[in-house]
Amino acid sequence: MILRDLLTRIPKAVATGNLDQTASGVTSDSRQVKAGSVFVAIRGTETDGHKFIDAALKQGACAVVAEVAPASDYTGEAVWVHSNNTRDALGQLAAALAGDPSQQMKTVGVTGTNGKTTTTFLIQHIMKSVWTRAGLLGTIEVDNGFERVAATHTTPMADTLQSQLGEMADNGCRGVALEVSSHGIDQQRIAAVEFDAAVFTNLSQDHLDYHGSMAAYYEAKKALFTGLAEQGGKKKPVAIINSDDQYGEKLVKELGESQRVITYGMGAHVDFKVTKMRQQVRGTEFQLDNRGKSYLVRTPYIGRFNVYNTLAAIAACAACGIKIRDAVKALAEAPQVPGRLEHVGTREGVNVFVDYAHTPDALKNVCATLKDLEPNKLITVFGCGGDRDQSKRPLMAEAVSELSNLSLITSDNPRSEDPEAIIKEIEAGMKSKAYRAVVDREEAIRTAVNVAAAGDIVLIAGKGHETYQQFADKTVDFDDRKVAHWALRDRPSTRAAAPAEKKKNFTRKEGEWRDRDEKPERKEGEKPEYQKPEKYGERRVGGKPPRKSDRRDGFKGRRDRPSGERKDQR
């Protein structure tokens with residue numbers, strides 16, 4: 001594209017140099033510059049792109065867009081473009097070079113503290129069911145219509161975002177669902193994206209290390225919706241808002257008549273309303289009322305919060321022209337969203353779930369959902385990430401201790417912080433003594449699974465779909481779902497063996513077989529197993545059974561109860 005035509009997308013820009021050159025691409029990363037690239041210097045939170053202008057020029061950039069004017073003696077061949085907002089300029093240039101892909105597809109953006117990932121997955125699923133091909137861009141993965149790849153950011157930089165949208169449009173996607181983070185809005189990564197619908201799920205404490213206050217956090221989210229009215233294309237965007245949320249209700253009032261709004265929730269005066277909700281272990285069904293018509297909605301998800309996510313997806317797809325009955329039909333076969341209240345497995349009546357909940361509100365919601373299934377005990381494993389909002393740590397503990405029977409506080413992604421120091425900050429918010437601090441996350445997960453009894457539920461919260469754990473000096477492979485699966489597999493069986501059975505048995509040590517009656521060899525001076533100190537989460541074997549009054553379930557001050565007996569039955 002000729003620079004002269006391309007630069008018309010940047011308002012009030014002042015250009016110096018030969019504008020008849022051809023631009024082949026645009027980037028904000030000087031390492032990605034090639035001959036013919038336009039380099040846009042961005043002032044970031046950690047570094048300033050203006051420091052890398054010389055490097056970009058040496059690599060063959062045909063133009064530089066900066067927030068400073070060139071030096072008075074600048075005589076370079078590259079065009080120098082002076083703009084007062086290079087973040088917006090990056091989005092505008094990237095969109096132009098990609099062919100303005102968001103204008104070619106039905107585009108839905110989803111923002112909020114919790115529910116973005118599930119809602120976008122549901123929107124894409126409905127779109128694919130009706131239109132065959134649709135794109136997805138979010139926290140877990142990017143789907144360009146032909147292939148799925150792991151995502152690196154919830155909302156990537158504008159040049160990457162527009163490139164990905166361009167691939168989706170070229171691949172024949174008729175629609176796309178994308179997660180829009182508060183960072184993405186504040187840093188104008190969605191500049192030049194034209195939306196057909198924007199969804200507000202909810203707002204609760206998170207990212208205050210970046211925004212500073214809930215008021216600033218809310219204003220960042222609000223900017224997505226006030227920006228809808230400023231779109232210059234042919235689209236007539238719709239704001240879809242959860243008015244049951246206090247911030248959602250506030251947003252509806254503040255948008256007023258300036259923007260078309262569709263509300264959803266369980267309140268009396270919403271456009272998409274839920275009634276007659278019924279939840280089971282394998283899913284949820286509810287009645288959806290809209291414009292005098294009712295629909296029976298069945299989804300394989302559990303939880304009140306997932307009902308809200310489902311409502312948002314239906315409303316967003318309806319705003320894009322999909323019939324409600326077609327959306328409802330598609331939801332009956334919705335896919336499992338990785339790491340979102342994902343059922344990992346069951347063994348001997350112990351059910352294990354993994355969820356991404358990493359905010360106080362999300363953790364409270366997922367614990368409440370699992371408590372609604374009426375387990376004998378809810379055992380929760382959780383932690384808090386390092387180098388993130390520290391003020392939410394005691395609030396996370398408060399949410400867990402309020403609803404969990406037993407809790408294990410462990411490491412999440414410590415990053416540069418001391419894991420034990422993070423745990424101490426979490427412990428300050430614990431309202432129950434039925435907890436244990438276990439720094440090693442794998443040990444915490446295995447302990448939770450081992451102490452669980454038939455009828456219990458184990459929740460592993462915080463990391464969800466993530467397949468790594470970040471420390472100060474390294475990043476290691478770690479997947480809660482895999483570790484939980486291994487823990488279930490290795491869990492000591494509580495079922496008594498048949499008297500007549502006398503076969504080889506697989507021990508906890510992989511690859512080693514031995515007869516049931518064969519006693520393991522002990523080293524000289526080593527105590528027999530029943531004399532060894534009892535470890536947390538384990539029971540002594542080989543000795544006399546303890547008296548009922550002496551049994552413990554591994555948590556200080558908590559005695560064993562018969563399987564199936566709930567606290568309120570005692």
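In this chain, numbering begins with 1 at the start of the sequence shown. These figures come from a predicted structure and were not determined experimentally.
A side-chain donor-acceptor contact under 3.5 Å links Ser37 to the backbone of Lys34. Between the Lys392 side chain and the Pro360 main chain, no donor and acceptor come within less than 3.5 Å of each other. In this structure, Glu425 contributes its side chain and Gly429 its backbone to no donor-acceptor pair below 3.5 Å. Between the side chain of Asp412 and the main chain of Cys384, no donor-acceptor pair closer than 3.5 Å is present. Judged purely by atom type and a 3.5 angstrom limit, Arg133 has no side-chain atom pairing as donor or acceptor with the backbone of Gly172. Between the side chain of Asp48 and the main chain of Lys51, no donor-acceptor pair closer than 3.5 Å is present. Asp271 places a side-chain N or O within 3.5 Å of a backbone atom of Thr263 that can act as its donor or acceptor partner. Within the 3.5 Å criterion, the main-chain N or O of Val193 finds no donor-acceptor partner in the side chain of Ser102. A donor-acceptor pair is defined here as one N or O able to donate and one able to accept, closer than 3.5 Å; such a pair exists between the side chain of Trp80 and the backbone of Val68. Put simply, the side chain of Gln21 gets close to the backbone of Asn18: a donor and an acceptor are under 3.5 Å apart.
Put simply, the residue from Thr117, Thr155, Thr119 that forms a side-chain hydrogen bond (donor to acceptor under 3.5 Å, both in side chains) with Glu179 is Thr117. Checked against Thr139 for a side-chain hydrogen bond (donor to acceptor under 3.5 Å, both in side chains), the options Thr152, Thr154, Thr120 give a single hit: Thr154.
A donor-acceptor contact closer than 3.5 angstrom is absent between the side chains of Asp159 and Gln32. Side-chain contact of Thr359 with Asn114: a donor-acceptor pair under 3.5 Å is present, judged by distance alone. Judged by distance alone, the side chains of Gln124 and Asp143 do bring a donor and an acceptor atom under 3.5 Å apart. Using modelled atom types and a 3.5 Å distance limit, the side chains of Tyr356 and Glu342 yield no donor-acceptor pair. Counted by atom type alone, Glu466 and Asn413 present one or more donor-acceptor pairs between their side chains at under 3.5 Å. For the residue pair Ser416 and Asp387, a side-chain donor N or O sits within less than 3.5 Å of a side-chain acceptor on the partner. For the residue pair Glu67/Thr86, the side-chain donor-acceptor check at 3.5 Å is satisfied. Checking His153 against Arg189 by side-chain atom types alone, no donor-acceptor pair falls below 3.5 Å. Using a 3.5 Å distance cut-off with no hydrogens or angles, the side chains of Ser391 and Gln205 do pair a donor with an acceptor.
Salt bridge annotation for Lys463-Asp479: absent, with no cationic side-chain nitrogen under 4.0 angstrom from a carboxylate oxygen.
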Could you pull out all donor-acceptor pairs under 3.5 Å where a side-chain atom in residues 208-215 meets a protein atom, sequence neighbours excluded?
from   : atom 1 : to     : atom 2 : distance (Å)
Tyr210 : OH     : Asp186 : OD2    : 2.6
Tyr210 : OH     : Gln187 : NE2    : 3.2
His211 : NE2    : Ser182 : OG     : 2.9
Ser213 : OG     : Ala216 : N      : 3.2

Name every donor-acceptor pair, under 3.5 Å, that has one atom in a side chain of residues 310-332 and the other anywhere in the protein, sequence neighbours excluded.
from   : atom 1 : to     : atom 2 : distance (Å)
Thr310 : OG1    : Asn306 : O      : 2.8

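With Phe200 as the aromatic partner, Lys221 does not meet the cation-pi criteria of under 6.0 angstrom to the ring centre and within 45 degrees of the ring axis.
For the salt bridge (charged side-chain N to carboxylate O under 4.0 Å, His left out) condition, the pairs that include at least one residue of residues 86-115, sequence neighbours left out, are Arg9-Asp100, Lys106-Asp196.
Ring pair His207/His183 is perpendicular by interplanar angle, where above 60° counts as perpendicular and below 30° as parallel.
For the residue pair Val38 and Cys62, the shortest heavy atom distance occurs at CG2-SG, 4.1 Å. Scanning both residues, Ser28 and Phe39, for their nearest heavy atoms gives O-CE1, 3.6 Å.
Aromatic rings of Tyr468 and Phe478 (six-membered ring for Trp) have centroids beyond the 6.0 Å cut-off, not under it. The ring of Phe52 has its center no closer than 6.0 angstrom to the ring center of His50.
Put simply, the side chain of Leu255 reaches to within 4.5 Å of the side chain of Ile241, judged on heavy atoms. Residues Val79 and Val64 fail the side-chain proximity criterion, which asks for heavy atoms closer than 4.5 Å.
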